[in-house]
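Below is one structure, written out as structure tokens; comments come after it.
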Amino acid sequence: MDSNKKIKVHFITLGCKVNTYETEGMRELIEKASMISTDKLEEADICVVNTCSVTNIADRKSRQMIHKAKKDNPCLKVIATGCYVQTSNEEELLANGIDYILNNSEKHKVVEAIRMLGEENGNKTDIFEEKEYEEIAFTSACENTRAFIKIQDGCNRFCSYCIIPFARGRVRSRSFENIVNEVNLLAKNGIKEVVLTGILLSAYEISGLSNDMSLLKVVKAISLIDGIERIRFGSLEPNIISESFIKELSGIKEFCPQFHLSLQSGSNTVLERMNRRYSAEDYLKGVEIIRSFYERPAITTDIIVGFPGETEEEFKETLEFVEKTGFEKVHVFPFSRRRFTKADKMPNQVNSEIKASRVKALMELEDRVGKIYKKSFINDTVEVLLEEKIQMEDRIFYVGHTERFVKVFVDFSDNMCENKLVKATVIDIFNDGVLAKVI
């Protein structure tokens, strides 16, 4: 690379909100180093691919994006990072055309990696090291009006189906002071809503405090920052839900009554094989606690179907649990075998046809219970944080979300803009949300 030329870097991100957060952090780091972030792959010198490995499909997409980047720009140097990189061997990765391997704990060193490539010292790899929380922060939103704040990394749970502990390492928590400082900067840049995220958010810990009290301390501190009007959690484990925890949260007006509680199965026998450490009854008790403090809170979840040995009766238990619980949204995934995990070697693997049939059945049920929840807001007045303008056929809308994360479509008008809070009356369910009229 010409030493007098500013290096142009293109970013590709796959997978979770934590990856999205970390990509934005890397983008700010390279810009502070006088490099240029470009949306055009063809003009880039370096492409950073932040990969995912949560399923076999995610692995395949990660490989495909690396190959496509090289094909579309043959002169490109590719830096690969993320969970696919962390769980694959070096020989396989370099054979896929990767020039530099940056492990998950080294993302804050992306500038150094780019400079090493510029000096033709590529093909460097690092093993995963357990260490303190790796600081990588940014000062602008990564999703229009909403900012994701990563406060925790790693996982110690080792659920029998999950490769993420191998990819992300053990639990590390970000310092309380750094979290508050980042949100302060975001608020000064106009951000109204923040989402606290992590690989195992429920494991976030401040020295001397339990996990639930640690999270509460962060939420309370953020709620006092001028300009922050909404606070959400990413995914929580069900066993963090207690009456004292939810009671404290309900007293913080900026905290939104939306809870993503990871379920994975409504069958106790499947949960036991998954090593999930709670029962369906435990989960439902947590939901009931939340509903005792909040009116119509949004409860969303993830469910894996076709786990090894899952019988028709066990799947029926999951369907019944979903209907009884009345989720606002269920993210449905067919079980994906991941090497290194216990579930990969379990007997009675469910065939793909049965998994596909169960995914279809659960998604149909999810659509029905989700509509019941959305219909409950018809004729209600809701507050919507406007996020983006879209066009659907010959109609223009502004789209945003309520505090319960119900997606709202309102007809466009000239006095609307992104990051604006408006009040609207819900008219009907519409598309994947509700249609409303601004008051």
Side-chain angles (χ1 to χ4, degrees), residues 151-152 155 157 159 193-206 209-223 230-268 270-272 274-304 317-331 365-366 369-370 372-377 380 382 401-406:
I151 70 170
Q152 180 275 337
C155 182
R157 292 298 178 88
C159 297
E193 180 176 318
V194 296
V195 184
L196 302 176
T197 66
I199 297 301
L200 185 64
L201 185 62
S202 300
Y204 177 76
E205 185 175 22
I206 296 170
L209 294 177
S210 61
N211 298 124
D212 56 349
M213 290 300 106
S214 297
L215 286 174
L216 281 169
K217 182 174 179 178
V218 173
V219 173
K220 288 176 180 177
I222 292 174
S223 72
R230 288 182 175 181
I231 304 168
R232 302 182 192 274
F233 288 140
S235 179
L236 291 175
E237 291 293 292
N239 47 21
I240 201 171
I241 303 299
S242 67
E243 186 167 336
S244 60
F245 180 57
I246 300 303
K247 182 179 180 179
E248 289 282 334
L249 281 177
S250 67
I252 304 169
K253 66 180 181 61
E254 291 82 4
F255 186 80
C256 297
Q258 178 225 345
F259 294 84
H260 186 87
L261 302 180
S262 185
L263 173 63
Q264 306 307 353
S265 176
S267 166
N268 285 334
V270 174
L271 288 172
E272 186 175 353
M274 288 179 166
N275 192 32
R276 287 297 290 166
R277 308 183 191 187
Y278 57 81
S279 66
E281 291 76 20
D282 294 334
Y283 187 102
L284 191 58
K285 181 180 178 181
V287 172
E288 289 169 350
I289 289 171
I290 293 169
R291 287 175 173 159
S292 71
F293 286 95
Y294 289 104
E295 181 185 358
R296 285 178 298 176
I299 310 294
T300 61
T301 198
D302 306 304
I303 292 179
I304 297 171
E317 289 172 2
T318 292
L319 293 176
E320 291 172 348
F321 188 86
V322 169
E323 186 147 29
K324 177 169 59 176
T325 306
F327 292 101
E328 190 272 331
K329 178 71 179 176
V330 178
H331 301 275
L365 175 60
E366 184 274 335
V369 297
I372 291 171
Y373 180 77
K374 294 178 182 70
K375 282 181 179 179
S376 73
F377 293 97
D380 283 2
V382 295
H401 287 83
T402 70
E403 61 176 357
R404 289 167 173 78
F405 212 65
V406 175

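Heavy-atom basis, side chains included; hydrogens, waters and symmetry copies ignored. These figures come from a predicted structure and were not determined experimentally.
Between K374 and E328, at least one side-chain nitrogen of the basic residue sits less than 4.0 Å from a carboxylate oxygen of the acidic one, meeting the salt-bridge criterion. In this structure, R230 does not pair ionically with E403, as no charged nitrogen and carboxylate oxygen lie closer than 4.0 Å. Here R157 pairs with E237 in a salt bridge; the nearest charged N to carboxylate O distance falls below 4.0 Å.
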task: Report the C-alpha separation of E193 and H401 in whole Å, then their side-chain angles, then the decisive distance to 0.1 Å, and conclude whether the side-chain contact (heavy atoms from CB on, under 4.5 Å) test is met.
output: CA-CA 11 Å; E193 180 176 318; H401 287 83; 6.0 Å; no
- prompt: Could you walk me through whether V195 and F233 pass the side-chain contact (heavy atoms from CB on, under 4.5 Å) check?
  reply: CA-CA 5 Å; V195 184; F233 288 140; over 6 Å; no
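The line from OG of S235 to CG of L196 is 13.0 Å long, rounded to the nearest 0.5 Å. Between S202 atom OG and L261 atom CG the span is 8.5 Å, to the nearest 0.5 Å. Put simply, OG on S262 and CD1 on I304 are 7.5 Å apart, with the number rounded to the nearest 0.5 Å. The CD1 atom of I151 sits 5.5 Å away from atom CG of L215, with the distance rounded to the nearest 0.5 Å. Atom CD in E281 sits 10.5 Å away from atom CD in E288 (nearest 0.5 Å). Note: H331 NE2 to I303 CD1 = 10.5 Å, rounded to the nearest 0.5 Å.
Judged by distance alone, the side chain of D302 and the main-chain N or O of V330 form no donor-acceptor pair under 3.5 Å. Side-chain atoms of T301 come within 3.5 Å of backbone atoms of L263 as a donor-acceptor pair (strictly under, hydrogens ignored). Here the side chain of N211 pairs a donor or acceptor atom with the backbone of Y204 at under 3.5 angstrom. In this structure, Q152 contributes its side chain and I199 its backbone to a donor-acceptor pair below 3.5 Å.
Here the shortest heavy-atom pairing between I240 and F245 reads O-CD2, 3.6 Å. Among all heavy-atom pairs drawn from D212 and S242, the shortest one is OD2-OG, 4.2 Å.
By the 30° and 60° cut-offs, the orientation of the rings of F255 relative to F259 is tilted.
Counting only N and O atoms by type, the side chains of Q258 and R404 include no donor and acceptor under 3.5 Å apart. With 3.5 Å as the limit, one finds no donor-acceptor pair spanning the side chains of T325 and E323. A donor-acceptor contact closer than 3.5 angstrom is absent between the side chains of R276 and S265.
Counting heavy atoms from C-beta outward, R232 and C256 have side chains that approach closer than 4.5 Å. Between Y283 and N239 the shortest side-chain heavy-atom distance does not fall below 4.5 Å.
Counting heavy-atom neighbours within 6.0 Å of E243 CD, excluding the residue itself, gives a total of 12 or less.
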Could you list the donor-acceptor pairs under 3.5 angstrom formed between side-chain atoms of residues 293-300 and any protein atom two or more places apart in sequence or on another chain?
from: Y294; atom 1: OH; to: L249; atom 2: O; distance (Å): 3.3
from: Y294; atom 1: OH; to: S250; atom 2: N; distance (Å): 3.2
from: R296; atom 1: NH1; to: S376; atom 2: O; distance (Å): 2.6
from: R296; atom 1: NH1; to: D380; atom 2: OD2; distance (Å): 2.9
from: R296; atom 1: NH2; to: D380; atom 2: OD2; distance (Å): 2.7
from: T300; atom 1: OG1; to: H260; atom 2: ND1; distance (Å): 2.7

